[in-house]
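One structure is given below, encoded as structure tokens.
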Amino acid sequence: MKVLGISGSMRKDGNTAHLVKEILKPSEEAGIETEFVSLAGKKILPCLGCGKCKEKKWCVIEGDDWGAIAQKMIDCEVLVIGSPVYYYDVCGQLKNFIDRTYSLYHDRKLAGRRGIAVAVNASAGADRAVKTIEGFLNSHEFASLGAVTGKGFEEGEVMDDDNAMAHANVVGGKIVRLLRPHHD
């Protein structure tokens, strides 16, 4: 797959999912292979800090959904990854997911991809959440295609944020130009 969108929200069809999907739309419309994954309802255990991944070259925690989603990240060219803002930062589900990618860091398994950070807040904190996501992307040597923030609390409310929707379309267009440079 070329473009992977991940929503870290525990609301399957929440504002973060809406905004990530909006960024994916131009790629879908251009016929570029995309996939959307919601972490809602997924079991993502926290990193144990055991360090065993250094020799195993993969997280040693088994019995949850992290590995299948991590493999999708390894297989993608562009990652659009987002979180709702909880207490001025990313939500715990996405943080667990990100922490477990330490197991991919040792061999730079994610290096060379492009990434887009997405955050949705009700009133404040999106900038800090974006910085956390960008820290993850930078650590894994992604090249940034930008960040998109939006405002919304009730499900779907972010779709009324005209600035967020316009910026999502612009960033989504960057993906298309990157993957299909001669696409009209």
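With Glu22 contributing its side chain and His18 its backbone, the two residues share no donor-acceptor pair below 3.5 Å. For the pair Asn121 (side chain) and Ala126 (backbone), a donor-acceptor distance under 3.5 Å is present. Checked by atom type and distance alone, the side chain of Lys151 never pairs as donor or acceptor with a backbone atom of Val158 at under 3.5 Å. The main-chain N or O of Cys59 is found under 3.5 Å from a side-chain atom of Ser103 such that the two form a donor-acceptor pair. With hydrogens and angles disregarded, no donor-acceptor distance shorter than 3.5 Å links the side chain of Arg114 to the backbone of Val80. A donor-acceptor distance shorter than 3.5 angstrom exists from the side chain of His167 to the backbone of Ala147, with no hydrogens or angles considered. Although no hydrogens or angles enter the test, the distance criterion places no donor-acceptor pair under 3.5 Å between the side chain of Asn15 and the main chain of Pro84. Remark: the backbone N or O of Ser7 is not paired with any side-chain donor or acceptor of Thr16 at under 3.5 angstrom.
Summarising the local packing, NZ of Lys25 is surrounded by 12 or fewer heavy atoms from other residues, nucleotides or ligands at distances under 6.0 Å.
Hydrophobic clustering, with ILVMFWY side chains joined whenever heavy atoms are under 4.5 angstrom apart, groups Val37 together with Ile74. At a threshold of 4.5 Å between side-chain heavy atoms, the hydrophobic network of Ile, Leu, Val, Met, Phe, Trp and Tyr places Ile69 and Ile133 in one connected group. Under the 4.5 Å side-chain heavy-atom criterion for ILVMFWY residues, no single connected hydrophobic cluster contains both Val130 and Met165. A single hydrophobic cluster is not seen to contain both Ile61 and Ile44; linkage of ILVMFWY side chains at heavy-atom distances under 4.5 Å, directly or through other members, places them apart.
Between Val85 and Val90, the closest side-chain pair of non-hydrogen atoms is not below 4.5 Å. Taking the side chain as every heavy atom from C-beta outward, Phe36 and Leu4 never approach each other to under 4.5 Å. With a 4.5 Å cut-off on side-chain heavy atoms, Ile116 and Leu79 do not count as touching. Arg108 places a side-chain heavy atom less than 4.5 Å from the side chain of Glu141. Counting only heavy atoms from C-beta outward, the side chains of Trp66 and Leu45 never approach each other to under 4.5 Å. You'll find the side chain of Val118 stays beyond 4.5 Å of the side chain of Ile81, heavy atoms only. Taking the side chain as every heavy atom from C-beta outward, Val60 and Cys50 approach each other to under 4.5 Å. At least one side-chain heavy atom of Leu179 sits less than 4.5 Å from a side-chain heavy atom of Val3.
Ion pairing between a basic and an acidic side chain is recognised when a charged N comes within 4.0 Å of a carboxylate O; Lys2 and Glu77 show such pairing. At a threshold of 4.0 Å, the pair Arg128-Asp89 counts as salt-bridged, since one of the basic side-chain nitrogens sits closer than that to a carboxylate oxygen. No salt bridge links Asp64 with Lys42; every basic N to acidic carboxylate O contact stays at or beyond 4.0 Å. Between Asp99 and Lys95, at least one side-chain N (NZ, or NE/NH1/NH2) sits under 4.0 Å from a carboxylate O, which counts as a salt bridge. The residues Asp107 and Lys57 are annotated as salt-bridged, a charged nitrogen and a carboxylate oxygen being separated by less than 4.0 angstrom.
Using cut-offs of 30° and 60° on the angle between ring planes, the pair Phe142 and Phe136 is tilted.
Taking every heavy atom of both residues into account, Ser83 and Cys91 meet most closely at OG-N, 2.9 Å. The heavy-atom pair separating Ala30 from Val176 by the smallest distance is CB-CG1, 4.0 Å. The two residues Leu145 and Lys174 come nearest to each other via the heavy atoms O-NZ, 3.2 Å. Between Gly8 and Leu39, the shortest heavy-atom distance links the atoms CA-CD1, 3.8 Å. In terms of heavy-atom proximity, Met10 sits nearest to Gly41 at CE-N, 4.0 Å. Counting all heavy atoms, side chain and backbone alike, Met73 lies closest to Thr101 at CE-CG2, 3.7 Å.
One distance of note links SG of Cys53 with NE2 of His106; it measures 3.0 Å at 0.5 Å rounding. For the atom pair SG (Cys47) and CG (Asn96), the distance works out to 9.0 Å, reported to the nearest 0.5 Å. The distance from the CD1 atom of Ile98 to the OG1 atom of Thr132 is 7.5 Å, given to the nearest 0.5 Å. A distance of 9.5 Å separates NZ in Lys72 from CD1 in Ile6, rounded to the nearest 0.5 Å. For the atom pair CE of Met159 and CG of Leu19, the computed distance is 8.5 Å after rounding to the nearest 0.5 Å. Remark: Cys76 SG to Gln71 CD distance equals 10.5 Å, nearest 0.5 Å.
Judged by the 6.0 Å and 45° rule, Arg11 forms no cation-pi pair with Tyr86. In this structure, Arg100 forms no cation-pi arrangement with Phe97, as its terminal cationic atom is not both closer than 6.0 Å to the ring centre and no more than 45° off the ring axis.
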